[in-house]
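Heads up: the structure comes next, in structure tokens.
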Amino acid sequence: MFYIGIDLGTSAVKLLLMDSEGMVKNIVSREYSLYFPNPGWSEQKPEDWYINTIEGIKELLKDFDRSKVAGISFGGQMHGLVMLDEQDKVIRPAILWNDNRTVKENDYLNDTIGKEILSEYTANISFTGFTAPKLLWVAEHEPENFAKIRKIMLPKDYLVYKMTGIHATDVSDASGMLLLDVKNRCWSEKMCQICGISSDMLPKLYESYECVGELTAETADMLGVPKGVKVAAGAGDNAAAAVGVGAVEAGSCNISLGTSGTIFIPSDKFHVDKHNALHAFCDASGAYHLMGCMLSAASCNKWWMEDILGTREYSVEQEKIKNLGENHVYFLPYLMGERSPYNHPNARGTFIGMTLDTDRQDMTLAVLEGVAFALRDSLEVAKCLGIDIQRSKICGGGAKSSLWKRIIANVLNIQVDVPQTEEGPSMGAAMLAAVACGEFASVSQAAKKIVSIRDTVQPEKELAQKYEQRYQKFKNIYPACKELFDKIVE
């Protein structure tokens, strides 16, 4: 049988076809537009997601026996606000995870309602990208649209609705809305009241691997697949990526070097750090996870290489880099503000330490190291909770760089495992579909059967010691710049 995994990303939808043995048979990607109607705003049209997903599935299955398709599931960009009216029509373009218009609403939630109250209700504090402050913004600035709301969806859940006719979400994705009681895996009535909505405006909650229903007859006919194809709830992109690389058991970890960067730590137990520096979310496997999320990771390297140096020869630039651990230049990778562990929208990218002998390679290395140091910041929070991480999987576009993986292994002083298949969210989504269809008894069993490691990057004792000394210096830079950032950002 075949299983389709759909990764609804910020710039494109990526579709993957997997067979019963976990072999990837085909991959298709289709891009769509991103809109910036005002500075700091970021929107997309849900209709674009749907059109490209449907056409993408057709392309994915073009040379395969469509009668063997058994299940479909999703990984998706988190936090985005999709609002439907009483006819289930989209009210306005979706407000995305990287939209920063909600600073006022974010401050209201954290400072007026209070971080302790938010943490009690949801296990998290508010961030500008979360869904709840977006609802407050719409209520304040677009009251006519707010009054039309009958259903509140997340991006991937809009696809589920369009393909099944069912309003559903999963607990991992819902964890990032600031509307879910994460510990008890249910909607928080108190948060709904704070946001001026009722819980019946929210979709039904499922575990990521649960079947929410089947494709509608119309959708099945459109795609040329059998009636009765099951649709699993799916997961937020990072939770889906963790499934795809096999980071599903307590003690495991996954580092994602995508547009944003994350360090994802599954746990059997519910954890909340006292400063809410890490997100405390439900997991795709039925448990929980902690996650540190930095808003700019591989995007820092892309900005530096393409916009500043004017080259796309990433590997050529990195081949010139020598003397790891001895760089005198530091880089704060906060090009879009920062989330974990500082929750500071006004933080900015910063180079420091340049001298007259600083060269192109020093600056390039500083960018790669700065992202690694920022991931280490989140790892240190996990350590304070008694969590001991000895090794991590790695995925995302940045993970294609051997140099960057080596830097991360030594900055974090852990073993870094490279999965055989590095497709992340789309692979994880296909695995969730297979579990929903009974191909595997659990997410854990699917991961053990399907995921294999093709390489492990070991930390090097001498280099890890050099990076330990450099990290101790790096961690002083943001506190020294914090007040300055607020003064220079209007």
Side-chain angles (χ1 to χ4, degrees), residues 1-32 45-77 155-166 168 170 208-235 237 240-241 243-244 284 419-440 443 446 449-451:
M1 303 304 290
F2 290 140
Y3 302 96
I4 298 173
I6 299 171
D7 173 22
L8 184 69
T10 311
S11 58
V13 59
K14 189 172 186 178
L15 306 101
L16 178 146
L17 186 66
M18 182 188 84
D19 68 14
S20 300
E21 300 301 313
M23 298 297 295
V24 177
K25 310 302 289 185
N26 197 16
I27 295 173
V28 166
S29 182
R30 294 179 65 93
E31 295 183 354
Y32 33 69
K45 297 177 181 179
E47 298 88 343
D48 291 346
W49 301 333
Y50 176 66
I51 291 168
N52 282 281
T53 297
I54 292 297
E55 294 305 310
I57 294 175
K58 292 177 181 177
E59 183 180 352
L60 186 76
L61 299 175
K62 183 173 59 176
D63 298 322
F64 295 89
D65 184 352
R66 301 184 183 205
S67 69
K68 292 184 178 180
V69 175
I72 298 175
S73 191
F74 305 82
Q77 52 168 299
K156 75 171 186 353
D157 303 326
Y158 177 73
L159 296 181
V160 173
Y161 162 71
K162 290 289 288 184
M163 297 170 75
T164 66
I166 297 169
D170 80 287
S208 298
Y209 51 82
E210 288 185 321
C211 177
V212 305
E214 300 176 349
L215 293 180
T216 63
E218 179 184 3
T219 302
D221 289 343
M222 189 188 312
L223 299 176
V225 300
K227 293 178 175 57
V229 170
K230 293 183 177 180
V231 177
D237 49 6
V243 173
Q420 188 68 42
T421 300
E422 299 178 56
E423 299 306 326
S426 56
M427 185 68 182
M431 291 163 66
L432 291 171
V435 174
C437 291
E439 191 75 52
F440 302 99
V443 175
K449 173 72 182 296
I450 292 173
V451 180

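Positions are given from 1 along the sequence. Heavy atoms only: backbone and side chains are in, while hydrogens, waters and symmetry mates are out.
- The backbone N or O of G234 lies less than 3.5 Å from a partner atom in the side chain of S73, making a donor-acceptor pair.
- Put simply, the side chain of Y32 gets close to the backbone of A12: a donor and an acceptor are under 3.5 Å apart.
- Closest heavy-atom contact between S20 and M1: OG-N, 3.0 Å.
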Next on the checklist: Quick one, K227 with D221, criterion salt bridge (charged side-chain N to carboxylate O under 4.0 Å, His left out). Give me CA distance, side-chain angles, the key distance, then yes/no.
Outcome noted: CA-CA 8 Å; K227 293 178 175 57; D221 289 343; 3.1 Å; yes
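- Scanning all heavy atoms of the two residues, the minimum distance from L15 to T53 falls at CD2-O, 3.8 Å.
- In this structure, CG in L215 is found 10.0 Å from CE in M222, a value given to the nearest 0.5 Å.
- Atom CG of residue L432 and atom SG of residue C211 lie 12.5 Å apart, to the nearest 0.5 angstrom.
- Note that the CE atom of M427 and the OG1 atom of T421 stand 5.0 Å from one another [nearest 0.5 Å].
- Looking at Y50 and L159, their side chains come closer than 4.5 Å, going by heavy atoms from C-beta outward.
- E21 approaches I450 most closely through the heavy-atom pair O-CG1, 4.3 Å.
- The side-chain contact (heavy atoms from CB on, under 4.5 Å) test with F74 singles out one residue from V160, D157, I4, and that residue is V160.
- Between E31 and N52 the shortest side-chain heavy-atom distance does not fall below 4.5 Å.
- For the pair R30/E59, a side-chain contact is recorded, criterion being any heavy-atom separation below 4.5 Å from C-beta on.
- Counting all heavy atoms, side chain and backbone alike, G165 lies closest to T216 at N-CG2, 4.1 Å.
- Judged purely by atom type and a 3.5 angstrom limit, E214 has no side-chain atom pairing as donor or acceptor with the backbone of V229.
- In this structure, CD1 on I72 lies 13.5 Å from CZ on F2, to the nearest 0.5 angstrom.
- You'll find the side chain of K14 reaches within 4.5 Å of the side chain of E423, heavy atoms only.
- When all heavy atoms of A430 and Y3 are compared, the closest pair comes out as O-CB, 3.7 Å.
- Closest heavy-atom contact between A235 and A284: CB-CB, 4.0 Å.
- Distance check, rounded to the nearest 0.5 Å: CD1 of I27 to CG of L60 gives 9.0 Å.
- A salt bridge links K58 to E55: one of the charged nitrogens lies within less than 4.0 Å of a carboxylate oxygen.
- Residues D170 and S208 have side chains that bring a donor and an acceptor to within less than 3.5 angstrom of each other.
- Of the inter-residue distances, the one linking L17 atom CG with S426 atom OG reads 11.0 Å to the nearest 0.5 angstrom.
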